[in-house]
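Okay, structure first, notes after.
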Amino acid sequence: MESVFKADILKGKVALVTGGGSGICFEIALQFGKHGAAVGIMGRRKHALDAAVDVLRSQGIRAIGVEGDVRKQEDAAKVVESTVKNFGKLDILVNGAAGNFLVAAEDLSLNGFKTVLDIDTIGTYNMSHEAFKYLKKGGPGKGSTTGGLILNISATLHYTTAWYQIHVCAAKAAIDSMTRSLALEWGTDHDIRVNGIAPGPIKDTPGIQKLLPEELKYRAGDNMIVERAGEKWDIGMAALYIASDAGKFINGTTLIVDGGYWISRPRRVSKEVVRQISRSVEKKSREPPFGSPSSKL
Ligand code: COA
């Protein structure tokens with residue numbers, strides 16, 4: 001689908017998108033690039049990053065891919081520095097890297113819980129903290145009057161809560177909270193806007209493949225059917241709105257983009273079905289092109 005925005009609304013901006021090798025975050029990188037920004041994308045899988053960068057460059061977008069794990073401070077610093085080295089500054093950080101799998105609370109190990117908190121919550125903090133000196137008003141390559149933007153990709157799962165998602169609900173609730181804390185501190189003192197987008201189910205993404213895999217659709221009958229799944233485009237347009245001058249007065253807000261889906265009741269499927277399929281779905285998610293380098297599965 002074509003954009004509803006003019007092609008130059010992010011002209012001259014530099015964005016770094018974590019998790020930008022696939023799914024929603026690739027779409028955000030693509031839309032930012034199509035609207036004038038240079039983009040760095042960060043991820044753990046080199047082959048996914050390379051493929052994504054090829055697509056971005058084929059559209060005439062100035063793009064680089066930098067391997068790294070948002071959980072690691074040295075990786076966060078390296079990726080931020082590489083982006084600034086390549087493009088001269090940093091205006092926008094999109095914290096999109098996330099981890100997820102379906103699991104009943106009593107089957108979730110401490111390490112499983114911690115892993116998702118580490119990727120989503122610690123990763124968001126880590127990247128934001130490393131990017132701060134470049135995003136703040138007067139930071140390298142920036143004017144003395146304008147600060148940058150942090151855009152945190154959250155979820156709607158924790159608004160009503162969701163079955164078999166205790167780890168993700170906790171992680172995303174913390175991200176929404178950090179959005180407000182950083183907006184208060186960095187917005188007030190350093191002119192950095194900090195906002196979020198909470199997407200609902202979005203078609204053709206690794207996220208929906210994890211949470212609504214074919215195996216579950218088949219086993220759960222109509223119970224898990226998502227009546228209102230959005231397009232990646234919907235999230236791309238929301239991100240553009242917040243990142244452009246149209247969003248210059250928006251700070252400390254998480255924009256829900258889900259067609260109103262979160263208001264309806266959480267869907268339940270049998271715990272036994274989740275027990276049977278979740279680990280095989282996880283294994284499948286690591287096969288190329290979605291594969292992840294390390295796994296204890
Ligand atoms: N059910 C129960 N526990 C699971 C699980 C599942 N389906 N999948 C992983 N785990 C547990 C592991 O058993 C391990 O715990 P343990 O050490 O107590 O056994 C823990 O989670 C960490 O797994 P590991 O494979 O070491 O982590 P990783 O860092 O390689 O991968 C994940 C992190 C598990 C979040 C992986 O899904 C990932 O990389 N996700 C990124 C992509 C993604 O999820 N995208 C969708 C975003 S919405």
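Every number for a ligand or one of its atoms is a count from 1 in the order of the listing.
In this structure, Arg71 has a heavy atom closer than 4.0 Å to ligand 1. Contact annotation: Leu108 has no heavy atom less than 4.0 Å from any atom of ligand 1. Under the 4.0 angstrom criterion for non-hydrogen atoms, Lys114 is not in contact with ligand 1. Residue contacts with ligand 1 do not include Gln209, since none of its heavy atoms lies under 4.0 Å from the ligand.
Here's the thing with Asn111: one of its N/O atoms is less than 3.5 angstrom from an N/O atom of ligand 1. Where the criterion is an N or O separation shorter than 3.5 Å, residue side chain and backbone included, Arg44 meets it with respect to ligand 1. Looking at Lys210 next to ligand 1, an N or O pair under 3.5 Å apart turns up.
Classified by interplanar angle (parallel below 30°, tilted 30° to 60°, perpendicular above 60°), the ring pair His35/Phe5 is perpendicular. Between Tyr159 and Trp262, the ring-plane angle classifies as perpendicular under the 30° and 60° cut-offs.
Of the heavy atoms in Ser109, only side-chain atoms (C-beta onward) come closer than 4.0 Å to ligand 1.
For ligand 1, the atoms lying closer than 4.0 Å to a non-hydrogen atom of Ser278 are 1 (N), 6 (C), 7 (N).
A salt bridge between Asp69 and Arg71 is present, with a side-chain N of the basic residue lying under 4.0 Å from a carboxylate O of the acidic one. Comment: Lys34 does not engage Glu2 in a salt bridge, judged by the lack of any side-chain N to carboxylate O separation of less than 4.0 angstrom.
Proximity annotation for atom 42 (C) of ligand 1: of Pro206, Ser285, Ala98, Ala98 comes nearest, heavy atoms only.
Counted by atom type alone, Glu272 and Gln276 present zero donor-acceptor pairs between their side chains at under 3.5 Å. A donor atom on one side chain and an acceptor atom on the other are not found under 3.5 Å apart for Asn152 and Thr124.
Within the structure, every pair that satisfies the side chain to side chain donor-acceptor pair (under 3.5 Å) test and touches residues 77-89, not counting sequence neighbours, is listed here: Glu81-Tyr134, Lys89-Asp91.
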